[in-house]
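Structure first, commentary second.
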Amino acid sequence: MGIFDRMKKIGIFSGSSQLDDEFYDDLEESLILADTGAGTAAQAVEQLREKVSEEKIKTPEEARECMCGILCEKLQGASPELDLSTHPSVVMMVGVNGVGKTTTIGKLAARMKKDGKKVILAAGDTFRAAAADQLAVWAERTGAGLVRQNEGADPASVVFDALSAAKARDADVVLVDTAGRLHNKQNLMNELSKISRVIDRELPDAARENLLVLDATTGQNGLVQAREFQKSTDLTGIVLTKLDGSAKGGIVLAIAEEMGLPVKYVGLGEGADDLQPFDAKAWAEALI
Ligand code: GDP
Ligand code: GDP
Ligand code: MG
């Protein structure tokens with residue numbers, strides 16, 4: 001069963017049979033339960049009330065459909081396509097520890113290899129040797145190239161090497177893994193800024209994606225993480241992982257609203273094939 005079917009089955013939204021205050025309250029509550037944030041939920045319901053009156057909508061079914069449209073619209077610009085228009089192009093994953101950055105890189109590498117692309121993985125998480133080992137397993141599994149250095153090496157230097165390798169080998173995409181935890185937050189943010197500067201300098205014209213990886217089960221904290229990472233990295237989108245273990249995921253709506261960041265992919269498991277382009281319509285339907 002896919003995540004959206006599952007969310008439907010759980011039926012976060014039970015719903016009133018009439019278009020009364022109870023209907024709107026239930027709807028608002030179901031959005032809040034799915035982690036959209038209270039403000040976003042209230043605003044969406046307000047917009048629905050206006051539309052219902054404007055369009056003379058009479059039934060809860062029609063109203064729910066209308067709500068789907070409103071939610072989808074809030075996620076617009078949510079084109080799941082990554083900009084990979086240059087050779088090489090660079091996709092960097094950032095996010096706190098354990099959200100699924102390395103796994104997502106592995107899954108993306110698998111997808112890209114299937115599309116016939118030449119992929120290089122940059123082991124920019126040098127905080128622990130195990131991090132590069134984990135990426136090496138994905139490189140092996142997917143046939144992507146791997147650039148790594150020793151534990152404790154400067155991640156910007158690893159990325160520099162990876163970009164050089166990409167140019168030399170005429171690669172299509174460099175996927176950059178990063179650490180999610182350092183001795184303190186400022187160190188991590190400085191490190192990410194430095195990596196970005198190296199890419200700016202070495203490949204000034206490259207198509208770039210900086211994806212914030214968020215764990216769907218962490219709820220509203222995702223917004224805090226997004227604000228924090230936005231300070232050091234020019235984020236271009238979100239990957240929402242672990243939706244297989246959660247009926248939530250409403251947090252992407254709050255993030256799209258506040259920061260204008262589209263959701264690119266969702267993670268639905270630990271395997272190479274468990275990554276799907278984000279489908280805003282299916283997501284909205286499942287949510288309500
Ligand atoms: P990182 O610290 O951000 O690099 O996170 P990892 O990629 O190492 O992932 C942390 C854990 O989450 C691992 O056990 C992954 O297998 C698991 N994981 C990653 N993505 C998903 C997902 O979409 N669904 C599930 N169920 N587990 C995931
Ligand atoms: P700044 O930190 O923005 O001033 O940038 P730097 O010019 O100091 O370089 C940033 C990073 O790129 C450094 O950590 C270096 O390790 C790395 N780097 C720069 N040039 C080279 C190079 O020729 N080879 C390697 N391996 N790394 C380099
Ligand atoms: Mg990792």
Side-chain angles (χ1 to χ4, degrees), residues 1-7 10 35 80 91-111 119 121-142 144 146-153 155 158-159 162 174-183 185 187-189 191-192 195 209-219 221-222 224-226 228-229 232-233 235 237-249 251-252 263-279 282-283 286:
M1 197 177 359
I3 172 63
F4 298 120
D5 294 330
R6 195 220 295 252
M7 281 164 77
I10 294 171
D35 285 329
V91 180
M92 178 162 81
M93 299 292 156
V94 303
V96 302
N97 208 40
V99 290
K101 294 179 293 299
T102 306
T103 306
T104 300
I105 285 187
K107 293 171 181 175
L108 266 180
R111 281 186 89 92
V119 179
L121 311 185
D125 180 357
T126 60
F127 194 61
R128 297 170 302 125
D133 293 342
Q134 188 190 352
L135 202 61
V137 171
W138 279 108
E140 179 93 357
R141 201 182 283 170
T142 60
L146 174 73
V147 173
R148 66 182 291 184
Q149 292 180 16
N150 292 330
E151 179 176 331
V158 177
V159 171
V174 182
L175 299 176
V176 179
D177 197 15
T178 63
R181 172 181 59 193
L182 286 182
H183 299 294
K185 199 165 65 185
N187 280 351
L188 175 58
M189 296 305 158
E191 186 171 292
L192 294 176
I195 293 173
E209 295 278 357
N210 296 321
L211 303 179
L212 176 69
V213 182
L214 289 178
D215 176 339
T217 62
T218 58
N221 192 251
V224 177
Q225 292 169 19
E228 199 56 48
F229 279 94
S232 64
T233 310
L235 299 175
I238 305 276
V239 177
L240 191 65
T241 60
K242 309 191 193 182
L243 261 179
D244 49 313
S246 167
K248 298 201 168 190
I251 186 61
V252 297
V263 189
K264 300 283 187 177
Y265 286 97
V266 295
L268 300 168
E270 300 184 88
D273 297 327
D274 296 326
L275 188 75
Q276 283 178 12
F278 181 65
D279 179 344
W283 173 87

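Treat the numbers as computed from the prediction; the structure is a model and nothing was measured. FYI, the numbering just counts along the sequence from 1. Indexing begins at 1, ligand by ligand and atom by atom, following the structure's order.
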Sub-4.0 Å atoms of ligand 1 with respect to non-hydrogen atoms of [X]:
X: Gln134; value: 6 (P), 7 (O), 8 (O)
X: Val99; value: 3 (O), 5 (O)
X: Leu268; value: 23 (O)
X: Gly267; value: 23 (O)

Could you measure the distance from the [atom1] atom of [X] to the [atom2] atom of [Y]? Nearest 0.5 Å is fine.
X: Glu228; Y: Asn221; atom1: CD; atom2: CG; result: 10.5 Å
X: Ile238; Y: Leu214; atom1: CD1; atom2: CG; result: 5.0 Å
X: Leu268; Y: Asp273; atom1: CG; atom2: CG; result: 11.0 Å

I want to confirm something. Looking only at heavy atoms, which of Arg128, Glu270, Lys101 is nearest to atom 3 (O) of ligand 1?
Lys101
Going by the closest heavy atom to atom 20 (N) of ligand 1, which one wins out of Met93, Gln276, Lys107?
Lys107
Note the single closest protein heavy atom to [atom], along with its residue, its atom name and the distance in Å.
atom: atom 7 (O) of ligand 1; result: Thr103 OG1, 2.6 Å
atom: atom 24 (N) of ligand 1; result: Asp244 OD1, 2.9 Å
atom: atom 5 (O) of ligand 1; result: Gly100 N, 3.0 Å
atom: atom 18 (N) of ligand 1; result: Lys242 CE, 3.8 Å
atom: atom 2 (O) of ligand 1; result: Gly98 N, 2.8 Å

So, the side chain of Arg111 versus the backbone of Leu275: is there a donor-acceptor pair under 3.5 Å, distance only?
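Yes, the answer is positive, given that a donor and an acceptor are paired below the 3.5 Å cut-off.
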Do any N or O atoms from the side chain of Lys107 and from the backbone of Gly269 form a donor-acceptor pair under 3.5 angstrom?
yes
Is any side-chain heavy atom of Phe127 closer than 4.5 Å to one of Glu151?
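No - every pair of side-chain heavy atoms lies 4.5 Å or more apart.
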Heavy-atom distance under 4.5 Å between the side chains of Trp283 and Val252, does that happen here?
yes
Any nitrogen or oxygen of Thr102, side chain or backbone, less than 3.5 Å from one on ligand 1?
yes
Is there a nitrogen or oxygen of Leu243 sitting under 3.5 Å from a nitrogen or oxygen of ligand 1?
no
Using the rule side chain to side chain contact (heavy atoms under 4.5 Å, CB included), only one of Asn210, Leu108, Asp125 pairs with Met93; which is it?
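The residue from Asn210, Leu108, Asp125 that satisfies side chain to side chain contact (heavy atoms under 4.5 Å, CB included) with Met93 turns out to be Leu108.
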Please verify whether a non-hydrogen atom of Gly269 lies at under 4.0 Å from ligand 1.
yes
Give a yes or no on whether Thr103 keeps an N, O or S atom under 2.8 Å from the Mg ion (ligand 3).
no
Please enumerate all residues that pass side-chain contact (heavy atoms from CB on, under 4.5 Å) together with Thr178, with sequence neighbours excluded.
Met92, Val94, Lys101, Val176, Leu192, Ile195
Counting heavy atoms only, which part of Thr104 comes closer than 4.0 Å to ligand 1: side chain, backbone, both or neither?
neither
Do the side chains of Asp133 and Arg128 get close enough for a salt bridge, i.e. N-O under 4.0 angstrom?
no
